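For reference, the structure discussed in these notes is given below.
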2 protein chains.
Amino acid sequence: MQDPETTLRQHDLPVTAQRLAVLRAVAHHPHATADDLAEQVRQEIGAISRQSVYNVLNVLTDKGIIRRIQPAHSPARYEDRVGDNHHHLVCRSCGQTEDVCCAVGAAPCLHAHDQHGFQIDEAEVIYWGTCPACQRKSRS
Amino acid sequence: MQDPETTLRQHDLPVTAQRLAVLRAVAHHPHATADDLAEQVRQEIGAISRQSVYNVLNVLTDKGIIRRIQPAHSPARYEDRVGDNHHHLVCRSCGQTEDVCCAVGAAPCLHAHDQHGFQIDEAEVIYWGTCPACQRKSRS
DNA sequence: GTACAGTTTTAGACTTTGTCAAATTAATGA
DNA sequence: TCATTAATTTGACAAAGTCTAAAACTGTAC
C-alpha cells in the first residue's frame with residue numbers, strides 16, 4: 001500500500017485529515033470495525049464524527065481502495081488488502097479474524113455448479129471456528 | 001423433513017402452537033426473514049409476538065433443527081435444509097436467495113490452507129451476483 | 001381431571017449499527 | 001486570495017435484534 005495521500009489523489013478524492021487518518025488506521029489495524037477505527041483516528045488527530053468515519057469508509061469501499069467484510073454477529077470490518085481474492089477465518093467466540101489464501105487456487109470459487117441463471121461476480125468464503133486463545137479458555 | 005410435532009419432541013422441546021407454526025412456515029418458505037415468517041405464522045394461527053418468533057427461531061437454530069444464514073445487507077434468513085453442506089447464491093439487488101450444492105464435492109471447503117491454529121467447524125460460502133429478473137430490469 | 005413446577009409467550013423498553021438531511025466548514029483551482 | 005465544490009458535523013431517525021418482568025401455557029405427578 002502506497003502513501004495515503006497519493007492513493008486519494010489517484011482516485012480524485014479531495015485530501016482531508018479525516019480521510020488520511022482513516023486510511024492509516026485501516027492499514028495499521030486490519031479487520032477493525034468502524035468503532036475501532038474511529039477510536040484510532042481520535043488518538044491520531046484528536047476528533048472525528050461518527051458520521052465522517054462512515055462516510056470515509058463508504059467512499060473508500062466504493063472506490064475499491066479498501067474492502068468491507070461483514071461476518072454474521074459482527075459489525076462490518078475493513079481491510080486495505082484488496083484485489084487478491086483472499087478469504088477469512090473468524091472465531092465464533094471472540095470474533096478474531098485472520099486472512100486465508102484462496103483455498104483452491106487462483107479464483108476458482110467463482111463457479112457454482114448450478115448458477116440458477118445468476119450472473120456471479122464474487123464468491124465470499126468465511127471459515128468459522130475457534131481461535132487458539134478461545135480453545136485454551138474453553139478447555140480450562 | 002418429518003412432522004413438526006415429532007421433530008420438537010425428539011429434541012425435548014415443549015410443543016406449542018407458536019413453534020409448530022414457525023417450523024411449518026420455515027419449511028414452506030425457505031430463506032425467509034424473521035419478519036416474513038412472523039407474517040406467515042399470523043396468517044396461520046392469528047397472532048404471535050415479535051419476540052416469540054425470535055425465541056423460536058433461536059431455539060430451533062441452537063438445536064440444529066433449522067439453519068440461519070446472514071448475508072450482508074440483509075436480515076437473517078432461515079431454512080430447514082440442514083446437514084447437507086450446501087451454499088447460497090444471493091442477488092445483490094433484490095436479495096433473492098438460491099441453494100447451490102457444495103462447489104467442489106463432498107465437504108471439501110472445510111480445509112483452509114493456513115488454519116492459523118483455528119479449529120474450523122464450518123466453511124460458509126456465499127456467491128454474490130445478479131438474479132435473472134434483476135438482469136432483465138437493468139438492461140431495459 | 002387437577003394442581004404444581006418450570007418453560008414459553010408476551011409487551012415494551014432498550015441497544016447496536018448504520019443512514020438521512022441540513023448547516024457548517026474545509027479543499028481545490030483560477 | 002476568492003469562489004465553488006465537496007466534505008464534515010450534528011442530531012434525528014431506522015432496522016434488526018436483545019433484555020426483562022409478568023402472564024400464560026405445557027408436561028408431569030397425583
Side-chain angles (χ1 to χ4, degrees), chain A residues 4-26 31-39 41-42 44-63 65-66 68-78 90 95 97, chain B residues 4-23 25-26 31-39 41-42 44-63 65-66 68-78 90 94-95 97:
Chain A
E5 183 164 343
T6 311
T7 306
L8 291 175
R9 294 200 192 284
Q10 280 178 348
H11 288 85
D12 285 316
L13 290 173
V15 176
T16 67
Q18 290 86 344
R19 284 177 174 168
L20 291 175
V22 170
L23 251 181
R24 269 194 290 264
V26 172
H31 310 137
T33 64
D35 248 26
D36 298 336
L37 295 168
E39 198 43 50
V41 170
R42 291 201 182 98
E44 193 185 336
I45 64 170
I48 192 174
S49 69
R50 207 167 58 103
Q51 185 60 52
S52 287
V53 176
Y54 281 109
N55 286 349
V56 173
L57 291 173
N58 286 341
V59 170
L60 298 178
T61 304
D62 289 349
K63 293 278 185 180
I65 299 170
I66 63 176
R68 175 171 24 225
I69 57 178
Q70 289 176 266
H73 311 118
S74 162
R77 292 165 183 274
Y78 298 86
V90 181
T97 305
Chain B
E5 183 164 344
T6 310
T7 306
L8 292 175
R9 293 200 192 284
Q10 280 179 348
H11 288 84
D12 286 316
L13 290 173
V15 176
T16 67
Q18 291 85 345
R19 285 177 173 167
L20 290 175
V22 169
L23 252 181
V26 172
H31 310 137
T33 65
D35 249 25
D36 298 337
L37 294 169
E39 198 43 50
V41 169
R42 289 196 185 101
E44 194 186 335
I45 64 169
I48 192 173
S49 70
R50 208 166 58 102
Q51 185 59 53
S52 288
V53 176
Y54 282 109
N55 285 349
V56 173
L57 291 172
N58 286 341
V59 170
L60 297 179
T61 303
D62 288 349
K63 294 277 183 179
I65 300 171
I66 62 176
R68 176 194 287 135
I69 57 179
Q70 289 176 265
H73 311 117
S74 162
R77 292 166 184 272
Y78 298 86
V90 181
C94 72
T97 305

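Note on naming: letters A, B, ... go to the chains in the order of the sequence lines (proteins, then strands), and numbering restarts at 1 for each one. Fair warning: this is a prediction, and the values are worked out from it, not measured in the lab.
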For [X] and [N], what is the distance between atoms [atom1] and [atom2] respectively, to the nearest whole Å?
| X | N | atom1 | atom2 | value |
| --- | --- | --- | --- | --- |
| Q70(B) | dA15(D) | CD | P | 18 Å |
| L13(B) | dT9(C) | CG | C1' | 15 Å |
| R68(A) | dG18(C) | CZ | C1' | 10 Å |
| I45(A) | dA7(D) | CD1 | P | 16 Å |
| D62(A) | dA6(D) | CG | C1' | 16 Å |
| H11(A) | dA7(D) | NE2 | P | 14 Å |
| N58(B) | dT9(C) | CG | C1' | 14 Å |
| D35(B) | dT18(D) | CG | P | 13 Å |

[X] has a side chain; which of [options] sits nearest to it?
| X | options | value |
| --- | --- | --- |
| S52(A) | dT8(C), dT8(D), dT28(C) | dT8(D) |
| Q18(A) | dT8(D), dT10(C), dT26(D) | dT8(D) |
| Q51(A) | dT10(C), dT18(D), dT9(D) | dT9(D) |
| R19(A) | dA7(D), dT28(C), dG27(D) | dA7(D) |
| Y54(B) | dT10(C), dT18(D), dG18(C) | dT18(D) |
| P14(A) | dG17(D), dA27(C), dT8(C) | dA27(C) |

Non-hydrogen atoms of Y78(A) and L57(A) that approach each other most closely: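 Shortest heavy-atom contact: CE1-CD1, 3.5 Å.
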Hey, does [X] reach any base, or is it just sugar-phosphate, or nothing, if we go heavy atoms under 4.0 Å?
| X | result |
| --- | --- |
| D12(A) | nothing |
| V59(A) | nothing |
| T16(A) | sugar-phosphate |
| A17(A) | nothing |

Going from CZ on R68(B) to CG on N58(B), what distance comes out if it is rounded to the nearest 0.5 angstrom?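 That separation rounds to 5.0 Å.
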For D36(A) and T33(A), does a side-chain donor sit closer than 3.5 Å to a side-chain acceptor?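 Judged by distance alone, the side chains do pair up.
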Is there a side-chain polar atom (N or O) of [X] under 4.0 Å from OP1 or OP2 of [N]?
| X | N | result |
| --- | --- | --- |
| R50(A) | dT17(C) | no |
| S49(A) | dT9(D) | yes |
| N55(B) | dT7(C) | no |

Among L37(A), L60(A), V41(A), whose side-chain contact (heavy atoms from CB on, under 4.5 Å) with V26(A) holds?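 Result for side-chain contact (heavy atoms from CB on, under 4.5 Å) with V26(A): L37(A).
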For a side-chain contact (heavy atoms from CB on, under 4.5 Å) with T7(A), tell me which candidate from E5(A), R9(A), H11(A) qualifies.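 The passing option is H11(A).
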Would you please test I65(A) and L13(A) for side chain to side chain contact (heavy atoms under 4.5 Å, CB included) and show each step? CA-CA 11 Å; I65(A) 299 170; L13(A) 290 173; 4.1 Å; yes
